[in-house]
Amino acid sequence: MPSSPLPEWLTADLFVSVLEKNVENFDKITKFTADTPFAAGENFLSILWAIEIEVALKDGSAKTCRYMLKIPPTSAHAQALIGMMSSFKRERICYYELFPAFDEMYRKAGKATKIAPNAYSFDKDLGFDVILMEDVRQDGFKNMNRLQGLDMDHTKHALDVIAQFHAASATYIVNNNGLPQLMMEPMLKESMVQMLAKAQEPQEQIIMESLPLYKAEDLKEKLASYREKYLEQIVNAENRNMDDFNVLSHGDCWSNNIMFQHDAQNNVLSTLLVDFQAGRFTSPALDLQYFLLGSTCLENKLKYYDYFIQYYHQQLVENLKILGYSKKLPTLRDLHLWMYDFSFMGYTVILKSLPVFLLDPTATKDINMDNMMGDKKDGGAMQKAMYTGEGYCKQMQQLLPWLANKGYFD
């Protein structure tokens, strides 16, 4: 039995058209199962159904096909957020329009690469947007432990695929004078930013109250005065000039949205990105700040921060050259300056991201979007666990002074 109620529309018949197009000698479906395999705290803005279909082929043999179906969430908060951000529409543009174009660009340039799982389409309109992908777990792809963070090897492989993704989108933007219209529009409009700012006030209050746990009482005034600047910086960053170096951002570039395939010795063979609900036209620094501050292990996070930027830049330029990028190549100095332009992502990470990334699923009950926003009876317990957990406090003890010393709160 699935761990969540199966929607009435989610039936075997829905997949017949997909199988007819993508499975050679398909005859009929012999068994259909669906489950929601991910634990609470691993995903908030969608529901993921793992689909397993046993099919009979026309030659008398059988085959098992596995897919991952992404559908809108049930949480009122999550539904409102994805509606304002047009999250599923953005992701559909990525999977069904842009990624095939990026793969073809690399193919023509003589480089075999794959940025994301393959996606498929139903022949039936469900009345709402969904994403159907291959379930790459069948090929051994998996997420790494979000509580531990990525080690050196996994960080570099993640930066490899992020650089490939950014280089392809930057080249596409130049060659096509932009991205599809939705991706060119600001995603976080001022009215939405102000609404989110109101919603985050309880979280900001918890951080201020918890500064003794982070050994950062001396930063209380600086953090309090930074809030308005932070909101202004978010809005300003949404306005991009075509003369800038721009990419299609991932928008939520953290370890749970990066999947790794390993060999028998646990060496990384391949890396894929998933979950593009916040993709938009912006600077590569948005993804890079978010990823480096949010997903690397604490041992490497600050010690190798500049090295990781240099490594990403090296991979970015290499891929831009392969694709024949026709404008001036970004320098390493350019990239460091862009990282300062997007320094507000440091506050985003400590306020909104790390508390979720480092939340131990055993630390509190009823982990969900509504409780994360503090709107249900267990909301306070979940938020306390998010901002006072041992892993989060350890990171804040190092991150807060580092961010302050770099001028990120000025």
For a 4.5 angstrom cut-off between non-hydrogen side-chain atoms, does [X] reach [Y]?
X: Phe260; Y: Ser270; value: no
X: Thr296; Y: Leu302; value: no
X: Ser46; Y: Ile71; value: no
X: Gln277; Y: Asp252; value: no
X: Leu399; Y: Lys301; value: yes
X: Tyr408; Y: Met345; value: no
X: Phe26; Y: Lys63; value: no
X: Leu159; Y: Leu288; value: yes

Is the centre of the [X] ring less than 6.0 Å from the centre of the [Y] ring?
X: Trp402; Y: Tyr305; value: yes
X: Tyr214; Y: Tyr392; value: yes
X: Trp254; Y: Phe357; value: yes
X: Phe128; Y: Trp9; value: yes
X: Phe276; Y: Phe99; value: yes
X: Tyr304; Y: Tyr311; value: no
X: His166; Y: Tyr312; value: yes

Is the ring pair [X]/[Y] parallel, tilted or perpendicular, if the boundaries are 30 and 60 degrees?
X: Phe344; Y: Phe342; answer: tilted
X: Phe15; Y: Phe32; answer: tilted
X: His262; Y: His154; answer: tilted

[X] versus [Y], closest heavy-atom pair with distance:
X: Asn143; Y: Ser255; result: ND2-O, 3.5 Å
X: Val136; Y: Pro117; result: CG1-CB, 3.9 Å
X: Tyr95; Y: Ala116; result: CE2-CB, 3.9 Å
X: Pro180; Y: Leu98; result: CD-CD2, 3.8 Å
X: Pro330; Y: Leu316; result: CG-CD2, 4.0 Å
X: Tyr67; Y: Leu19; result: OH-CD2, 3.4 Å

Audit row: Thr113, Gln164, side-chain hydrogen bond (donor to acceptor under 3.5 Å, both in side chains) steps and yes/no:
CA-CA 8 Å; Thr113 189; Gln164 291 171 12; 2.6 Å; yes
Check against salt bridge (Lys or Arg N to Asp or Glu O under 4.0 Å), Glu134 and Lys114
CA-CA 13 Å; Glu134 61 179 327; Lys114 187 176 182 181; 2.6 Å; yes
[atom1]/[X] to [atom2]/[Y] distance, rounded to the nearest 0.5 angstrom?
X: Cys94; Y: Arg280; atom1: SG; atom2: CZ; value: 11.5 Å
X: Ile206; Y: Leu213; atom1: CD1; atom2: CG; value: 11.5 Å
X: Asp139; Y: Met259; atom1: CG; atom2: CE; value: 10.0 Å
X: Gln397; Y: Leu298; atom1: CD; atom2: CG; value: 9.5 Å
X: Ile258; Y: Lys142; atom1: CD1; atom2: NZ; value: 15.0 Å
X: Glu104; Y: Arg107; atom1: CD; atom2: CZ; value: 4.0 Å

In terms of side-chain heavy atoms, does [X] have a donor or acceptor partner in [Y] at a distance below 3.5 Å?
X: Tyr226; Y: Gln233; result: yes
X: Glu201; Y: Gln205; result: no
X: Tyr307; Y: Lys156; result: yes
X: Lys352; Y: Gln200; result: yes

Let me see the working for Thr348 and Tyr230 under side-chain hydrogen bond (donor to acceptor under 3.5 Å, both in side chains), right down to the final yes or no.
CA-CA 9 Å; Thr348 299; Tyr230 168 67; 2.8 Å; yes
Within a 6.0 Å radius of atom [atom1] on [X], are there more than 12 heavy atoms belonging to other residues, nucleotides or ligands?
X: Lys406; atom1: NZ; answer: yes
X: Glu185; atom1: CD; answer: yes
X: Lys124; atom1: NZ; answer: no

I'd like to know whether Gln383 forms a side-chain hydrogen bond (donor to acceptor under 3.5 Å, both in side chains) with Gln203, so could you lay out the CA-CA distance, the side-chain angles of the two residues, the decisive distance to 0.1 Å, and finally the verdict.
CA-CA 7 Å; Gln383 291 196 33; Gln203 289 82 25; 3.2 Å; yes
Check the pair Lys328 / Asp334 against salt bridge (Lys or Arg N to Asp or Glu O under 4.0 Å), numbers first and verdict last.
CA-CA 11 Å; Lys328 176 181 174 293; Asp334 290 333; 3.4 Å; yes
Just do the side-chain contact (heavy atoms from CB on, under 4.5 Å) check on Asn300 and Thr155 with the steps written out, would you?
CA-CA 10 Å; Asn300 295 339; Thr155 297; 5.6 Å; no
Should Ile47 and Thr36 be marked as a side-chain contact (heavy atoms from CB on, under 4.5 Å) after you check the CA-CA gap, both sets of side-chain angles, and the distance that decides it?
CA-CA 8 Å; Ile47 296 173; Thr36 49; 4.0 Å; yes
For Tyr347 and Glu204, run side-chain hydrogen bond (donor to acceptor under 3.5 Å, both in side chains): C-alpha distance rounded to whole Å, both residues' side-chain angles, the deciding distance at 0.1 Å, then the answer.
CA-CA 10 Å; Tyr347 189 71; Glu204 289 178 313; 2.7 Å; yes
Closer than 3.5 angstrom, by distance alone: can the side chain of Arg227 be matched with the main-chain N or O of Ala197 as a donor-acceptor pair?
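Yes; at least one donor-acceptor contact below 3.5 Å.
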Determine, stepwise, if the pair Arg66 / Glu54 fulfils salt bridge (Lys or Arg N to Asp or Glu O under 4.0 Å).
CA-CA 9 Å; Arg66 295 180 176 87; Glu54 294 180 12; over 6 Å; no
Show your working on ring-ring contact (aromatic ring centres under 6.0 Å, His included) between Phe245 and Trp338 and close with a plain yes or no.
CA-CA 10 Å; Phe245 181 83; Trp338 299 337; 5.6 Å; yes
Which is it for Lys70 and Asp275 under the salt bridge (Lys or Arg N to Asp or Glu O under 4.0 Å) test, yes or no, and what are the steps along the way?
CA-CA 9 Å; Lys70 188 172 189 175; Asp275 197 351; 2.8 Å; yes
Under the criterion side-chain contact (heavy atoms from CB on, under 4.5 Å), I'd like the reasoning laid out for Met184 against Met242: C-alpha separation, chi angles, the key distance, then a yes or no.
CA-CA 10 Å; Met184 298 294 291; Met242 280 295 291; 3.9 Å; yes
Does this structure show an ion pair linking Lys303 with Glu299, if we count only N-O contacts that are shorter than 4.0 Å?
no
